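Keep in mind that what you see is a predicted model, and the values were worked out from it rather than measured. Just so it is clear: chains get the letters A, B, ... in the order the sequence lines come, proteins before strands, and each one is counted from 1.
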Amino acid sequence: MSKKPADYEGRRKHTASHVMSAAVMMLWPETKRGVGPWTDDSFYQDYDFGDAEVSDKDFKKIQKKMRWIVNKNFKVEKRMLKEAEARSAFPGDEYKEELIDGIVERGEDISFYDFVDETGRIVYTDLCAGPHVESTGEIGVFELTKLAGSYWRGDSDNAMLTRVYGVAFENEELMAEYKHFLEEAAKRDHRKLGKELDLFTFSDKVGSGLPLFTPKGTFLRETIANTIQDIQAEFGYERVNIPHICKKDLYETSGHWDKFKEDLFHVKGKGDTEFVMKPMNCPHHTQIYASQMRSYRDLPIRYSEVTTCYRDEQPGELLGLSRVRSLTQDDGHVFCRIDQVKEEVKNITKVVQAFYGKLGMYEPGRFWVSLSVRDPQTPEKYLGDPAEWDKAEQFLKEVSEEQGLDAVKTEGEAAFYGPKLDFMFKDAIGREWQLATAQIDFVQPERFGLEYINEKGEKDRPVMIHRAIAGSLERFLSVIIEHFAGAFPAWLSPIQAHIIPVNEAHEAYAKELQQKLKYAGARIEYYDASDSLGKRIRNAQKSKVPFSIIIGDNEVESGNLTIRKYGEQKDQSVSEEEFLELLES
RNA sequence: GCCACCAUAGCUCAGCUGGUAGAGCACACCCAUGGUAAGGGUGAGGUCUUGGGUUCAAAUCCCAAUGGUGGCUCCA
């Protein structure tokens with residue numbers, strides 16, 4: 001038995017994509033092939049099918065052909081070609097031309113990978129850097145999963161190719177495991193849970209990407225916002241309030257108009273003045289800062305506000321609560337001197353740690369931090385003084401080190417106005433979302449002519465720091481719904497317990513108890529005796545509410561509460577005081 | 001915005017190649033008074049997303065719009 005190379009998994013998937021391409025080329029010989037790499041759990045290949053119409057209905061056909069190729073167990077062999085030979089292999093194929101141009105430009109060798117049958121005949125070939133496994137029989141259990149459009153070379157100005165995705169596993173067990181994972185992830189999907197738990201809804205009449213929050217969803221939003229406000233209170237943030245529309249002049253000054261005017265909702269009043277719905281809050285906040293002459297003694301000035309912004313995202317980009325057109329930011333802006341930046345950013349990371357810690361999400365593996373800096377290749381994309389950028393990037397790096405954030409330097413991810421520390425969290429199916437962020441901004445203070453009087457009596461320019469802890473409440477909710485799979489901790493749960501009387505004889509006592517607990521601050525729902533006890537226990541569990549309280553003869557007599565925690569099969573008996581304490585957890 | 005797919009009752013879905021709709025859950029009412037994960041019965045609910053077209057006839061076929069899903073592009 002030959003030893004498997006370290007990159008065997010990748011090779012196997014890569015060969016699987018060649019097998020798929022071979023099948024496709026046999027079925028639709030006019031097809032042109034784009035690129036076809038492998039990813040964590042899948043492989044894909046881009047195709048230009050020309051006039052042929054291929055959809056996921058053709059998957060069965062392709063898979064059948066693939067199985068034939070796998071069963072034939074063709075040898076996979078590498079062949080080196082000269083440029084002219086390689087070019088002549090794909091007459092009239094502009095994609096291969098371009099790929100070969102690139103290889104030649106980089107001075108690399110051109111290799112082909114062939115499928116060869118037992119007589120030595122080449123049955124399929126493609127330009128490819130490899131590597132591959134030794135034969136087509138090795139690709140294992142495979143399945144085509146989805147079909148999507150994708151732009152040639154990832155550029156939306158280019159032609160749209162058809163990308164076919166598939167998965168390939170060494171054996172049936174691993175395939176079953178993978179499918180199980182997908183099922184589990186689907187159960188956590190915040191769109192599904194949002195409907196089941198009655199947290200939010202959408203209406204065709206209101207419009208796409210515009211979520212409507214139910215009482216329970218609103219409770220979650222407000223609890224999150226209030227928790228953040230409480231945590232950051234010690235760091236000196238003051239709340240402000242701004243209107244949701246403004247003249248377009250504001251964004252012309254900020255520089256956002258040119259860049260984003262297509263993505264704004266435009267509002268028409270009686271007069272000629274053009275208004276827009278605010279897509280962000282920082283320009284408004286600068287005007288509060290600018291309303292007075294500031295002294296260096298006043299700095300830092302810290303404003304915070306939980307407020308909704310509106311962005312006309314492209315319909316294809318919308319996704320449940322993760323990507324919406326009305327998003328509520330827990331926004332904050334700090335105006336300070338450059339030498340105060342480090343301390344302020346550090347305080348922001350402390351709030352992030354406290355808040356996510358309270359949710360149990362501040363744990364290794366649950367998130368990572370990006371130190372988002374300039375792309376050295378394209379310095380022209382960034383505004384402001386490079387020396388100040390250097391300083392700011394250095395501050396962020398130091399904060400990351402001192403706070404043990406282990407930030408990963410990500411070049412090209414900085415905003416055009418300054419570097420950032422971004423906190424990235426994963427949703428149920430592994431998609432990453434930026435939630436918390438601390439962004440340094442040199443540009444807007446400049447554009448808005450913000451100033452303060454320094455200790456020498458001269459005018460000086462403050463630095464602005466944008467910060468968000470939850471990011472957008474909508475996106476944040478999508479992540480925590482999936483994180484908790486809808487079973488929120490008691491302190492965050494819109495309903496903390498159901499009171500379930502065993503039968504109608506216990507209803508009066510149960511209602512009285514509900515009132516008593518409500519006065520004590522608990523969020524309790526009464527579940528009357530019209531359904532059978534078993535059914536009510538079942539429904540209470542299904543609702544993912546943290547506790548069920550069962551009230552029958554025993555409880556009326558003893559005065560204790562029989563409670564069952566969500567997800568547990570056994571009950572426990574507690575006093576009212578003990579129960580109220582449990583609700584804080 | 002681009003590519004593919006999808007849209008039937010409040011929810012989850014069935015309805016084969018055209019002959020004007022069905023289940024379960026939820027809901028209402030009645031019976032059952034039940035000590036721990038679905039007690040029983042009855043009933044009400046749908047211009048089959050919308051607008052065009054083909055046809056004697058459209059939930060079903062075609063076109064468009066709207067909305068959704070999976071990607072691509074974008075994301076202050």
Side-chain angles (χ1 to χ4, degrees), chain A residues 42 44 46-49 53-59 145-165 186 189 191-192 195-196 198 201-209 251 254-264 278-283 309 311-320 322-324 327 329 331 413 415-418 420 429 431 433-434 437 439 441 443-444 466 472 475 500-507 529-542 548 550-555 562-564 567-571:
Chain A
S42 68
Y44 65 80
D46 289 346
Y47 299 105
D48 178 348
F49 287 110
E53 279 183 29
V54 177
S55 77
D56 51 15
K57 294 191 179 72
D58 296 303
F59 280 5
T145 52
K146 56 198 174 194
L147 181 141
S150 96
Y151 298 104
W152 170 240
R153 310 224 127 177
D155 187 333
S156 59
D157 292 334
N158 287 342
M160 170 72 63
L161 305 179
T162 304
R163 178 171 294 179
V164 181
Y165 287 85
D189 190 310
R191 293 165 299 189
K192 177 175 134 72
K195 187 176 273 176
E196 284 174 8
D198 189 26
T201 185
F202 289 91
S203 158
D204 288 0
K205 288 189 176 63
V206 173
S208 65
Y251 298 114
S254 72
H256 291 99
W257 182 258
D258 282 341
K259 222 176 152 177
F260 295 112
K261 64 169 174 277
E262 302 297 319
D263 301 322
L264 301 182
K278 69 176 162 76
M280 51 170 38
N281 311 305
C282 22
C309 294
R311 298 176 182 178
D312 193 10
E313 305 281 5
Q314 301 182 43
E317 290 160 355
L318 300 173
L319 178 72
S322 309
R323 192 81 184 265
V324 290
L327 57 139
Q329 297 177 319
D331 210 353
E413 284 299 308
F416 69 90
Y417 48 71
K420 318 185 277 180
I429 51 176
R431 283 184 289 221
W433 300 100
Q434 177 210 303
T437 184
Q439 314 184 351
D441 184 352
V443 173
Q444 290 201 50
H466 308 251
S472 101
R475 174 175 298 181
I500 302 177
V502 171
N503 66 43
E504 277 151 17
H506 312 109
E507 289 199 320
S530 53
D531 285 325
S532 70
L533 182 62
K535 187 164 176 177
R536 285 178 288 152
I537 299 279
R538 181 171 190 270
N539 285 343
Q541 288 289 324
K542 252 174 52 180
S548 305
I550 291 86
I551 296 300
D553 288 339
N554 300 343
E555 290 72 25
T562 296
I563 61 167
R564 173 180 287 211
E568 288 186 5
Q569 293 283 344
K570 59 179 195 300
D571 296 341

Within the 4.0 Å heavy-atom criterion, would you say A:Tyr165 contacts the bases, only the backbone, or no part of the nucleic acid?
sugar-phosphate

Pairing residues for A:Lys420 by the salt bridge (Lys or Arg N to Asp or Glu O under 4.0 Å) criterion, not counting sequence neighbours
A:Asp422

Pick out the pairs of N or O atoms, protein on one side and nucleotides 40-44 of chain B on the other, that lie under 3.5 Å.
none

With sequence neighbours excluded, tell me which residues meet salt bridge (Lys or Arg N to Asp or Glu O under 4.0 Å) with A:Glu196.
A:Lys192

Within less than 4.0 Å of OP1 or OP2 of B:rA76, is there a side-chain N or O belonging to A:Arg311?
no

Got a list of protein N/O to nucleotides 1-8 of chain B N/O distances below 3.5 Å?
unit_1	atom_1	unit_2	atom_2	d
B:rG1	N9	A:Gln314	OE1	2.7
B:rG1	N7	A:Gln314	OE1	2.9
B:rG1	N2	A:Tyr151	OH	2.3
B:rC2	O4'	A:Tyr151	OH	3.4
B:rC3	O2	A:Gly149	N	2.9

Using the side chain to side chain donor-acceptor pair (under 3.5 Å) criterion, which residues pair with A:Asp198? Sequence neighbours excluded.
none

Can you give one letter per nucleotide of nucleotides 34-39 of chain B, 5' to 3': B if a protein heavy atom sits under 4.0 Å from the base, S if only from the sugar-phosphate, - if neither?
BBBBBS

Side chain to side chain contact (heavy atoms under 4.5 Å, CB included) involving A:Glu313 - partner list, sequence neighbours excluded:
A:Arg311, A:Glu317, A:Leu318, A:Arg323, A:Arg325

How would RNA chain B look in dot-bracket form, 5' to 3', counting Watson-Crick and G-U wobble pairs with both distances under 3.5 Å and writing | for bases paired to another strand?
(((((((..((((.....[..)))).(((((.......))))).....(((((..]....))))))))))))....

For A:Asp331, check salt bridge (Lys or Arg N to Asp or Glu O under 4.0 Å) against everything at least two apart and list the hits.
none

Check whether the side chains of A:Asp571 and A:Thr562 place a donor and an acceptor atom closer than 3.5 Å, and report yes or no.
no

Given the structure, check if the side chain of A:Arg153 and the base of B:rC72 hold any donor-acceptor pair shorter than 3.5 Å.
no

List in chain and number order the residues that pass ring-ring contact (aromatic ring centres under 6.0 Å, His included) with A:Trp152, two or more places apart in sequence or in another chain; answer none if no residue qualifies.
A:Tyr95

Residues in ring-ring contact (aromatic ring centres under 6.0 Å, His included) contact with A:Tyr165, at least two apart in sequence or another chain:
A:Tyr44

Would you please name every residue forming a side chain to side chain donor-acceptor pair (under 3.5 Å) with A:Thr145, sequence neighbours left out?
none

